[in-house]
Amino acid sequence: MTDLAGINARIREKLHACQHALILSHIRPDGDAIGSLIGLGLALQATGKQVTLMLEDGLPAKYRFLEGSDLISKTTPAEYDLVIALDCSNKDRLGKISADLHVDINIDHHITNDNYGEINLVVPEMAATTAILADHLSEWGLPLDKNVASALLMGILTDSIGFRTVNVTPDLLRISARLMELGADMPDLYNRTLVSQSYPSSVLWGLALGRLQRENGLIWTVITLDDRKKAGYSGRDDADLTNLLSAIEGSEISVLFNEEKDDKVKVSWRSNASIDVSRIAQFFGGGGHPPAAGADMSGSLDEVRKKVLEKTKQMLKESKTKGELRNE
Ligand code: AMP
Ligand code: MN
Ligand code: MN
């Protein structure tokens, strides 16, 4: 059994003893990574601590509206005495800095988290890391004001894709309601992060959706480097196309292949059925959650696509056979 009270007491102690906290999250940051950094960063700053929020890939333009987003930098400060990793399942996903980094506190909700911190608070039941923070900030003696609440609610909204993933619970709605009471503007955050779409990302969607494929319950497509150039899309991410693929009717598993430089391919899986795609991702060296997972693979787009589709089809078939057996 994890000793949650003990873990929280140790986190509280570390947070209060530090002078300068370095807070990091994963490469290709999403709303939960950014909301977690800003939420905890602003709360710590309010208690007089110095903080550096670091994302190796920097802050995507769409999140610049958030108060506190200007605290995010791409570089490491010369001195710091506490390292906190948020929303990051494996140490190497923090980026190049991870090589000789001692992580004091690891706070996350990925079921595949390998507990790489000195203190690990990993809660896989929570739909977002920001929800874990919202749940514990007061216990750690940190204040929750409007800006902290906005950043935290943003993480919940984006990771739950607007409260529509299977891990949405009454408890998550209660946490979200409390963040609204503290001043977070839910409709505004919802529109900015989940509805509003830039023109280049819309063109990118068009190019990728033009080659959409389907085979039984499996739906997939690719984003090529050439698509990015044509669309004028500067981000390294998938412009949230995975969310759209998972919304297509009949899609039990959707897969997006995102071509990157130097024969690298980012693969994203989404599952609408009872199939745990984090297991498939882990097989290819990645990780994630049962309904949403990813892996960074080496090889040409064609090679990776062939390997991944073969394995994914096999898993889909196996899980259907098991389901049939259960129904007998
Ligand atoms: P994505 O497909 O990038 O949106 O990621 C889906 C989920 O899988 C997120 O929770 C990610 O943090 C996780 N994930 C993505 N890529 C990796 C990877 N290479 N290793 C471990 N976890 C990953
Ligand atoms: Mn994340
Ligand atoms: Mn997350």
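Counting begins at 1 with the first residue of the sequence. Counting starts at 1 for both ligands and their atoms, following the listed order.
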Please tabulate, for side-chain N and O atoms in residues 74-84, each donor-acceptor pair with protein atoms closer than 3.5 Å (sequence neighbours left out).
unit_1 : atom_1 : unit_2 : atom_2 : d
Asp81  : OD1    : Gln19  : N      : 3.2
Asp81  : OD1    : His20  : N      : 3.0
Asp81  : OD2    : Gln19  : N      : 2.9

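There is a side-chain donor-acceptor pair under 3.5 Å between Asp32 and His109. Remark: the Thr224 side chain and the Asp227 side chain contain an N/O donor-acceptor pair separated by less than 3.5 Å. Counting only N and O atoms by type, the side chains of Asp302 and Ser300 include no donor and acceptor under 3.5 Å apart. Using a 3.5 Å distance cut-off with no hydrogens or angles, the side chains of Glu318 and Gln314 do pair a donor with an acceptor.
Annotation: the span from Lys62 atom NZ to Thr158 atom OG1 amounts to 8.5 Å, rounded to 0.5 Å.
Checking His26 against the Mn ion (ligand 2), an N/O/S atom falls under the 2.8 Å cut-off.
When each of Leu53, Val148, Ile23 is paired with Leu44, the side-chain contact (heavy atoms from CB on, under 4.5 Å) condition holds for Ile23 and for no other.
The tally of protein N/O/S atoms under 2.8 Å from the Mn ion (ligand 3) stands at 4.
Looking at Asn106, its side chain never comes within 3.5 Å of a backbone N or O of Val122 through a donor-acceptor pair.
Side-chain atoms of Asp108 and Asn120, non-hydrogen and from C-beta on, never get closer than 4.5 Å to each other.
Protein neighbours of ligand 1 below 4.0 Å, counting non-hydrogen atoms: Ser89, Asn90, Arg93, His110, Lys266, Ser268, Arg270, Gly286, Gly287, Gly288, His289, Ala292, Ala293, Gly294, Ala295, Asp296.
Every side chain to side chain donor-acceptor pair (under 3.5 Å) that Lys230 has, sequence neighbours left out, goes to Asp226.
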